Structures are given as structure tokens and as C-alpha cells.
Amino acid sequence: MHDTRYSQLTCSQEKAVFHTEGPLLVLAGPGSGKTRVITYRIAALIDSGVRPYNICAITFTNKAADEMRQRAAALGASAGAHISTFHSLCVRILRRYAAQAGISSNFSVYDESDQSRCIKQAVKDSELDSTNFPPARMLEAISALKNNLVDVEAFEAEAEDFFSKTLARIYARYQQILNKHSALDFDDLLMKTAFLLRSHPAVCSELGDRFKFLLIDEYQDTNHAQYKIAKSLVSQHNNICATGDPDQSIYRWRGADIRNILAFEKDWPDATIVKLEENFRSTANILQAADNLIAFNQKRKEKKLVPTKPPGKDVAIKVFDDELEEAEAVARQVTELAEQGASLKSMAVFYRVNAMSRVLEEVFIQNRIPYQIVRGVEFYSRKEIRDLLAYLKVLANPSDEIALLRIINTPARGIGKTTIDKIRDYAARNHITLIEGLGRAAQIDSLSKASKARIAVFADMLNQFNKDITGQVAPLAERVFVESGLAESLRAEDTKEKGTLENVNELINAAARYDQQAEEPSLPDYLQQIALFSDADAYDASSDRVPLMTLHAAKGLEFGNVFIVGLEDGLLPHERSTNNEDELEEERRLLFVGITRAKAGLYISYARYRTVRGQMLRTIPSQFLYELGIEFGERCDENQYHHEDDDEDRQTPGEFVTGQLVRHKSFGVGTVKEFVDMGENSIVVVKFKTGQTKSLVVKYAGLSKV
DNA sequence: CATAGCCGCCTTTTT
DNA sequence: GGCGGCTATG
């Protein structure tokens, strides 16, 4: 009955695609085609007569949204369905219903560095010391509150102890500052949308009419705010389709609540659940390793990964002396695979932290292997780009003081700190914004005549720009770049290596592309869009270079051959994520995600020494290595450099040797896998008969030799 | 008021 | 090892 477009779907996939009555949850493991189910479902809905306009699909990144749009188009699903991330959807809703949401529609979206400035100001305004109240910590706490839809009033009401009360003060002040700047941070986008839908039934029902079908991919990584938004949007019709895999939840630290997917059936009691257990991506050997690993997570619904492919190659676990050797081995293997005919884009290297890309990059350059670092925000954090964007931000939203302060003396035009302080002071006393203060500079007595003149020139320039800020973005950007003096000041110090001018050109080109693609190009829309740009969005799958990325950025992707480096205790699992069992389990899921990206080849490695902050340190193998159920040689190979202290390890009387049987009072009997001599702080890694592997500090562990 | 140089602080993952 | 902020100097 269905046409050939759907003929390659499996039975369960077909069920999910064509299910049209009520709520639907697709519980699916890695490589089972869940994103594909959503794409096909969009096409199937349209086939059945649903207008594309009435469909809303939520993806995890903008990149994923782009891809889904293309794939849906290839299936003949006509354009018009709304496909975007949660954050982009919220921007659209908030702009459309700005009045009801109590904000202005040209709001700025503040990124991490903007937020950081605001929070520092808030801590200072609250007359608190930033050593006792570190801004980053405060921001983290506020973010968590917003993700849980706790606004300032609610938090003030519940805050009882000293810390909470202080935090409440900072939170209140922080929101005041954002308000004054007409700015929303990432979390505000969600919180304000959730509140808008909650308190304006008319808006809620209008959107419910508009989006008659809501589809959400990667549902395991939604937070409470996103859950509430979804719930509101479908409250009239319950046409929600969510897909996800609890084992791939890796954003708990950002507020993702795994209970959303686990409790789906409670939220929608008449939900249909479709399970997709077959894996069409990886070889059986790779899946076995993934399965062995994830089985160590206690808080988990057991789920089998069913391979559809033959065993394939063995998973390789390699030990290297240091990170340089590790990187060189990756490069060698990449070259070898390439010689065997694999394309560079079919491989990928994953690591836990961005800083680890450095060595890899150097080695890849040396070996002339084309690569791409998947870091989208990098481009937008360059000074010259931020400077030009700051001009545009001020034009779009004159209240944006962060942007204004950035450009007021960039390039240098003789308006220094003293002058700015005087204007800020005046503005504060008269309850006007900084930009209004600039307009009234002539009336500020403390300013010198020369300063007043310079301010007048600057204010005049902004007014000139303001005359045509409607319509296309690229021409305006170009004009601002030249007339602001930025172009000239950059030209003076630009070199071929720095390529600052080239970067600005690229920005203007990107703006031109936006102008062509957007239905209704506008400056605020453009700025709001690029603020939501993420690392993963920078991944160019079509260019034949080896992508290097964090494990987080690898989500949703797949490659023929995958390298995962730095399987060391403190790095993966990361030391900042080992405070409790939940965090450790998330680290394990992170590695699980990395492993299951691989189709045919998987190369896992660790270095016995790693340079951290300029210091070469002895490492401990990650406990996850032992959990993969793969034998690997832990001592260094014959041909590798032999470190003297290894011999000391073995000779120190009373200490432990690899292979030694030991007994622990609660874990029982186990085998010593690694001994790290650090005097009285020595650490021993033991694999216990229970299957667990633990890193123990010798002096506390109370181990007895068997 | 601009600039250079130094000190001290932080350093996971990201929409 | 990198950046932001502060200070000293021109």
C-alpha cells in the first residue's frame, strides 16, 4: 500500500512511521534509525494529507535540523514543516509573542561571555566578594534554576539558608541587568517560552493549532523547561512523537532530565511504545564492547543491542607512552586506512576535552593529513568578528550595553575609561540607558570639551547607520565595517597568517547567504540565529578531511573508523564528573555514545604519561577500559621507551605488582591491574571478581595480599 | 588616554 | 598554558 520510498523500512520502523493516533514513543538504541523514523514520519504525515505548515520537528542541533530538512525534501515532503532546535523555536515564539512575554522583539541573545560579564556585575552590585561567590558557579546555579523553571520570585520565596538567600540576591540582580539590556540568555529562551505558554492560554492554543504534530528527536536529553514547553504545545491534541535512548543521555549536567523519557507513559497514558533494537550501523564486535560497557550502569533499564552485521574487525585498545606518541599512532593508522581506500571523512577522532585537540592537530599538520576541528563557536569568538557583530547588536538593540561598551572605543577614538565611567554614572543617576546617556553627553558637566566632541561624533555615526537597518544584513555589515573605522584599523595590523580581514569577509558572505535563505531577513533575526550556533553545527560532512571533535559533539553522527583517545582516569571519566555514581554513569554513557558511532573500525587508546598544564604526569588507565571486556596488554611494548620508575614500582617492597591477587573488605578478591607509585599516596587499580574495576589509594584501601 | 607588560586566576562537556 | 584585569609608563 505504501510506495517504494518506504520499502526499506523494517517492520518496527514502519509501525513508528505510520502510527498516527495519539502519543508515540520510539525507544531506540544507537544505529537503529530513529532520526530516520522522524524524517520518514514527516513525509508520511504529509502524504496522509497533513499540511507541512502544521508539523513541527525538534532536533538537537541546527546541523541536525538542516540535514532533516534536506532528507525530508529528498523524500518529496514539501518544504514548510518547521524543523529546528528547541532554542530556535523559542526564539521564534518569543519574537512573535514578545508583547505577551513581556519582552521586546529585538532582544539580544547573550552567550557565555556576555553572561559572564553580567554575572560579574551582579555579584559586584550585590556587594559580594567574587572569591566567595565565584561568578561561574553562580551562573551554573542560576542556569539550573531556570532549567527547572524557578524564576527569581519563586526562588526568593523558597530560599532559607544564607547561601540560597545570597544566591537569590545575585539572581535577582542578574535578571535586572539582562532586563535593562533587553537581553535573554540561553536558559531564558526556554524559561520565558514555558512561562508564556503557561500563563497565556490563547497563545498556547494558537500554537497548538499551528503545530498539530510535534516530533522530538533525542528526547532523553530534554530538560524540564523543554518538557513543559512540549507538553503545552500538544495539550490540545496529544500528537507528540518522541524518540530517544536513555543510554545516550549525556547532558544531565546541563539540566537534561532522563525521567522525561522514562516517564513518558505516565505523562501520556495512552502512548504507543515502539522499540527499535536492531543496530544497522556497527559490527557485532563493536556492539559487544558497547554492550559490555553500558551494562556496568546500575540505574538503567536493561536493553540488548541486536547486531545485524558480522563480527568484523577486533576492537583495538592501545597503550602509548605519551599523548604525542598516541597522536602519531592515530595519524599512522589514518594514513594506513586511507591507503587501503578509506576516505578521510569516513574517519573521526573523539576526545573528552577540547584542549586535547592540540597535539592531534600538530601531528596531523606535520603528516599533511587534512583535518577539521569541529568547533563552531570558535569563528564567532574571534576578536574581529565579535567587534563587527557588536556594532550590529547595538543597532538591533540599543539597550545592549555589553555590545555598546565593546564598540564605544573600538577602534580607539579617544573615549577612554574615565569618560565612559562619567557617562555611566550620569546614566545611572538619571535612570536612563547608556546609549541615552551618550545622546545627552553635552549636558554632563564633568566631561571635557574634547570628550564631548568625540562622543558626539560616535553617536552621530550610530545615528547614520540607524537610518537603514531594515532589510538585508550583509550590505549593512559591510557598510558598518568600513565606516566605523574597523576596516582601516584591521588593515593596519593584518597579516596573511592572521587572516582577520578574510574572517570578516567570511562573516559578510555568511550574512549574504542568510539574506538569501531567510524568508524575511532582519537584523535581530540574523543575530538571534547566529547566537544559537553550536560546535556540532560547524561539522562539514562533505569535505574530505578527518573530523576531530569532543565526544559530546559526536552525538548523532557515524563513521567507518573511529578513534577515541585519552582513556585515562580523570580524563574519561573526567575528574570533575566523579563526585557521585550518577556522574560516573553519565561519563560511561558518553563513551558508549562514542563507541557506537563506529561502523567498522574502533581504536581506543590511552597514554601512560600526559602533559597537563605544561606538566608531564603519570596517568592511571580509565576503569572503562576494563569494562569493555576486551583483553589488552597493559605493560608497554618491547619496542617502546621503558621508564625507570616502572622498575622501581616492581622493586618497592611491600607494594603491589601487576597480576598480584588482593582482597578488599567490601569488594572481595581481585587482580592488580596497575600500580602507581606516589609515595604514601600510591594508587592501585584492581579488577575485582565482581567485574568492577576500582582505583584505590593504597593507604586507605586496606588491601591484603592473597 | 593608550599601550605594554605583568600578575594571578581558572581550566569539562554546550544550546 | 591562556586570558582578563590591573598597573606603570609614555
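Everything quoted here is computed from the prediction, not taken from an experiment. Chain A is the first sequence line, chain B the second, and so forth, proteins listed ahead of strands; every chain is numbered from 1. Just the heavy atoms: all of them, side chains too, but no hydrogens, waters or symmetry mates, feed the values below.
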Report the residue (A:Ala412 or A:Gln115) whose heavy-atom-nearest nucleotide on DNA chain B is the more 5′ of the two. A:Ala412
In whole angstroms, the gap separating C1' of B:dC10 from NE2 of A:His574 amounts to 13 Å
For a quick check of understanding: with a heavy-atom distance under 4.0 Å over all strands, which category does A:Asn62 fall into, base, sugar-phosphate or nothing? nothing
Can a salt bridge be assigned to the pair A:Lys299 and A:Glu585 using a cut-off of 4.0 Å between side-chain N and carboxylate O? no
Distance, rounded to the nearest Å, where A:Glu140 contributes CD and B:dT15 contributes P: 16 Å
Candidates B:dT15, B:dT13, B:dT11 - which lies nearest the side chain of A:Arg576: B:dT11
Classify the nucleic acid contact of A:Thr418 as base, sugar-phosphate or nothing, counting any heavy atom under 4.0 Å across all strands shown. sugar-phosphate
When you measure from the side chain of A:Ser577, which nucleotide among B:dT14, B:dT15, B:dT12 comes out closest? B:dT12
Please identify each residue that fulfils salt bridge (charged side-chain N to carboxylate O under 4.0 Å, His left out) with A:Arg92, with sequence neighbours left out. none
Atom CZ of A:Arg386 to atom C1' of C:dC3: distance rounded to whole Å? 13 Å
Scan for salt bridge (charged side-chain N to carboxylate O under 4.0 Å, His left out) pairs involving residues 220-233 of chain A, sequence neighbours excluded, and state none if there are none. A:Asp221-A:Lys555, A:Lys231-A:Asp267
Rounded to the nearest Å, what distance is computed from the CG atom of residue A:Asn354 to the P atom of nucleotide C:dG1? 15 Å
Can you check the A:Asp537 CG to B:dT15 C1' distance for me, whole Å? 9 Å
Output the single nucleotide from B:dC1, B:dT13, B:dA2 whose closest atom is nearest the side chain of A:Arg454. B:dC1
Would you call A:Lys34 and A:Asp217 a salt bridge, taking side-chain N to carboxylate O under 4.0 Å as the test? no
Can you sort out the partners of A:Ser484 under side chain to side chain donor-acceptor pair (under 3.5 Å), two or more places apart, ordered by chain and number? none
Centroid distance below 5.5 Å plus an interplanar angle below 30 degrees: do A:Trp253 and B:dT13 meet both conditions? yes
What N/O pairs connect the protein and nucleotides 5-10 of chain C at under 3.5 Å? Give each pair on its own line.
none

Answer yes or no: does a side-chain N or O of A:Thr550 lie under 4.0 Å from OP1 or OP2 of B:dT14? yes
Let me know the distance between CZ of A:Arg610 and C1' of C:dG1, rounded to the nearest Å. 16 Å
Closest-nucleotide mapping onto DNA chain B: is A:Gly416 or A:Glu586 further toward the 5' terminus? I mean the 5' end. A:Gly416
Would you indicate what A:Asn409 reaches in the nucleic acid, counting non-hydrogen atoms under 4.0 angstrom: base, sugar-phosphate, or nothing? sugar-phosphate
Selection from B:dC1, B:dT13, B:dT15 that lies nearest to any side-chain heavy atom of A:Arg254: B:dT15
Expressed in angstrom and rounded to an integer, what is the separation of A:Gln528 atom CD from B:dT15 atom P? 18 Å
Counting just side-chain N and O atoms, does A:Asn147 come under 4.0 Å of either OP1 or OP2 of B:dT15? no
Salt bridge (charged side-chain N to carboxylate O under 4.0 Å, His left out) involving A:Asp425 - partner list, sequence neighbours excluded: A:Arg429
Mind checking A:Phe86 for me? I need base, sugar-phosphate or nothing, with any heavy atom below 4.0 Å counting as a touch. nothing
Whether A:Glu586 and A:Arg589 form a salt bridge (side-chain N of Lys/Arg under 4.0 Å from carboxylate O of Asp/Glu) is what I want to check. yes
When rounded to whole Å, the NZ to P distance for the pair A:Lys383 and C:dG4 reads 11 Å
What's the closest nucleotide to the side chain of A:Arg358 if the choices are B:dT13, C:dG1, B:dT15? C:dG1
Can you give me every donor-acceptor pair (side chain of residues 114-122 of chain A, partner residue at least two apart or in another chain, under 3.5 Å) with its distance?
| residue | atom | partner | partner atom | Å |
| --- | --- | --- | --- | --- |
| A:Asp114 | OD2 | A:Asp111 | N | 3.2 |
| A:Gln121 | NE2 | A:Asp125 | OD1 | 2.9 |

